[in-house]
Enquirer: 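Input: one structure, supplied below.
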Amino acid sequence: MPELPEVETIKLVLQRRIIGLTIKKIQILSPKSFIGNPNSAEGQKVLKIERFAKLLAVNLGEVNLLFHLKMTGQLILQGESVKREGERYIGGHPTEDMMGKMPNSHTRVIFSFSDGSKLYFNDQRRFGWVKIIDNGKLTIDNLGPEPLEKEFNWQILKKNLLKHKSQPVKVVLMDQSVVSGVGNIYSNEACFNAKIDPRTKVSNLSNLQFKRLHLGVLKSLRDGIAHGGSTRAHFRDPEGHKGYFLDYAYVYGLDKHPCKVCKTIIKKIQLGGRGTYYCSNCQK
DNA sequence: TTAAATGTTTAAAT
DNA sequence: CATTTAAACATTTA
């Protein structure tokens with residue numbers, strides 16, 4: 001699920017825990033999930049961790065480990081000190097088995113660090129991947145502006161959205177070349193925040209609505225990060241309670257539930273082939 | 001049994 | 001040719 005807030009939260013956790021550690025060993029359990037030669041990463045020290053849209057780049061000097069978790073990817077960090085505290089750091093769409101023993105049947109790659117801690121890349125559907133990328137080649141094509149950077153304003157959002165003027169606004173928001181890191185969850189939430197019907201064609205939006213949408217995107221992403229990502233990127237795991245998925249959402253996954261603002265029943269429709277949730281009273 | 005699920009790319013249809 | 005829709009990827013759960 002990892003959209004921007006989830007990946008950002010994973011980044012913050014990893015920056016705190018694995019920078020300065022050396023990768024001792026990389027075990028590839030699913031060849032499809034690892035692209036490149038793992039030898040070039042083994043023995044290297046983690047220097048820097050960055051996020052680009054939904055991608056995570058772990059810099060090892062000459063090379064980077066570039067992660068894309070796609071739909072069901074998870075990163076689970078279990079360290080020696082972490083284990084003693086009965087704690088584990090996780091990021092990704094929550095499932096029962098991510099609280100259990102590692103590795104498990106969905107573990108695709110295991111990174112072992114110099115201090116004994118391990119990072120597990122789990123991915124049920126195997127859409128996600130880890131790639132070795134030379135440092136000079138770490139540019140990702142077709143990425144729009146990072147919404148949390150101050151250069152991002154409503155005029156830029158408007159200009160980029162207008163690349164697909166006849167499309168519903170909710171669909172265009174998910175286009176990574178329009179704005180980086182917004183996926184299905186936050187696109188739904190952003191439209192709710194902006195009080196805009198997700199079906200509205202981009203060409204029919206007023207400047208006022210573009211402004212509201214700009215703020216709505218920011219609010220949804222910031223709320224997501226404030227909640228540790230919609231998936232709870234770190235988790236205290238003595239007995240394995242369930243991560244609470246999206247308790248804070250206004251509309252995503254809440255069809256047939258009353259709107260948290262006006263009690264109108266949330267509707268679910270299909271837009272661009274994706275589940276789309278909205279309140280017909282709040283969003284017009 | 002069918003449908004849907006956090007994402008992206010590619011092919012097919014309009 | 002540009003734009004839009006569907007399919008594909010793989011697996012599980014409702």
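All chains are named by letter (A, B, ...) in the order of the sequence lines, taking the proteins before the strands, and each is independently numbered beginning at 1.
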Enquirer: Could you work out, with side chain to side chain donor-acceptor pair (under 3.5 Å) as the rule, every residue matching A:D141, not counting sequence neighbours?
Expert: none

Enquirer: Enumerate the ring-ring contact (aromatic ring centres under 6.0 Å, His included) contacts for residues 5-30 of chain A, please, sequence neighbours excluded, ordered by first and then second residue.
Expert: none

Enquirer: Just jot down the ring-ring contact (aromatic ring centres under 6.0 Å, His included) partners of A:H164, sequence neighbours excluded, or say none.
Expert: none

Enquirer: Would A:F127 count as stacked on C:dC9 if the rule is ring centres under 5.5 Å and plane angle under 30°?
Expert: yes

Enquirer: For A:Q270 and B:dA4, give me the distance from atom CD to atom C1', rounded to whole Å.
Expert: 8 Å

Enquirer: Measure from NZ on A:K54 to P on B:dT9 and round the result to the nearest Å.
Expert: 10 Å

Enquirer: Can you list everything that forms a ring-ring contact (aromatic ring centres under 6.0 Å, His included) with A:Y120? Sequence neighbours excluded, please.
Expert: none

Enquirer: What does the list of N/O pairs under 3.5 Å between the protein and nucleotides 11-13 of chain C look like, with a distance for each?
Expert:
unit_1 : atom_1 : unit_2 : atom_2 : d
C:dT11 : OP1    : A:R126 : NH2    : 2.5
C:dT11 : O2     : A:Q124 : OE1    : 3.4
C:dT12 : O4'    : A:Q124 : OE1    : 3.3

Enquirer: So if I take every side-chain heavy atom of A:K268 and compare against C:dC9, B:dT8, B:dA4, which nucleotide ends up nearest?
Expert: B:dA4

Enquirer: Quick one: is A:K70 getting a side-chain N or O under 4.0 Å of the C:dC9 phosphate, OP1 or OP2?
Expert: no

Enquirer: Kindly write out the residues that satisfy ring-ring contact (aromatic ring centres under 6.0 Å, His included) with A:Y250, not counting sequence neighbours, or none if the list is empty.
Expert: A:F192

Enquirer: Tell me, yes or no, whether the heavy-atom count around A:K163 atom NZ, taken from other residues, nucleotides or ligands under 6.0 Å, exceeds 12.
Expert: yes

Enquirer: At under 4.0 Å between heavy atoms, what does A:K32 touch on the DNA or RNA strands: base, sugar-phosphate, or nothing?
Expert: sugar-phosphate

Enquirer: Salt bridge (charged side-chain N to carboxylate O under 4.0 Å, His left out) with A:R212: which residues, sequence neighbours excluded?
Expert: none

Enquirer: Would you mind listing the cluster partners of A:I140? Hydrophobic ones only (ILVMFWY), side-chain contacts under 4.5 Å, chaining allowed.
Expert: A:I35, A:F52, A:L55, A:L66, A:W129, A:I133, A:L138, A:L143

Enquirer: Quick one: is B:dA5 close enough that its OP1 or OP2 comes under 4.0 Å of any side-chain N or O from A:R274?
Expert: no

Enquirer: Rounded to whole Å, please give me the gap between CG in A:L173 and P in B:dT8.
Expert: 14 Å

Enquirer: Determine the interatomic distance between C1' on C:dC9 and the same-named atom on B:dT1; round to the nearest Å.
Expert: 22 Å

Enquirer: What is the distance, to the nearest angstrom, from the CG atom on A:D123 to the P atom on C:dC9?
Expert: 16 Å

Enquirer: Base, sugar-phosphate, or nothing for A:Y277, non-hydrogen atoms under 4.0 angstrom?
Expert: sugar-phosphate

Enquirer: Please name all residues satisfying ring-ring contact (aromatic ring centres under 6.0 Å, His included) with A:F121, sequence neighbours left out, ordered by chain then number.
Expert: none

Enquirer: Can you pull every protein N or O that's under 3.5 Å from an N or O on nucleotides 11-14 of chain B?
Expert:
none

Enquirer: Suppose you measure atom P in B:dT2 against the same atom in C:dA7; what distance do you get, rounded to whole Å?
Expert: 15 Å

Enquirer: Report the stems of DNA chain C as range-with-range entries sorted by first number; a stem here is at least three consecutive pairs, Watson-Crick or G-U wobble, both distances under 3.5 Å, and write none if there are none.
Expert: B:2-5 with C:11-14, B:7-14 with C:2-9

Enquirer: Can you tell me if A:Q176 touches the phosphate of B:dT8, counting only side-chain N or O atoms and a distance under 4.0 Å to OP1 or OP2?
Expert: yes

Enquirer: Using atom C1' of each nucleotide, how far apart are C:dC1 and B:dT8 to the nearest Å?
Expert: 24 Å

Enquirer: Pick base, sugar-phosphate or nothing for A:G275, based on heavy-atom distances below 4.0 Å to the nucleic acid.
Expert: sugar-phosphate

Enquirer: Rounded to whole Å, how long is the line connecting atom CG of A:L271 with atom P of B:dA5?
Expert: 12 Å

Enquirer: Which ring-ring contact (aromatic ring centres under 6.0 Å, His included) pairs, counting each pair once, include a residue from residues 265-284 of chain A, with sequence neighbours left out?
Expert: A:Y252-A:Y277

Enquirer: For atom CD of A:Q15, decide whether the heavy atoms of other residues, nucleotides or ligands shown that lie under 6.0 angstrom number more than 12.
Expert: yes

Enquirer: Got more than 12 heavy atoms from elsewhere within 6.0 Å of NZ, A:K11?
Expert: yes

Enquirer: Between B:dA5 atom P and A:M174 atom CE, what is the distance in whole Å?
Expert: 11 Å

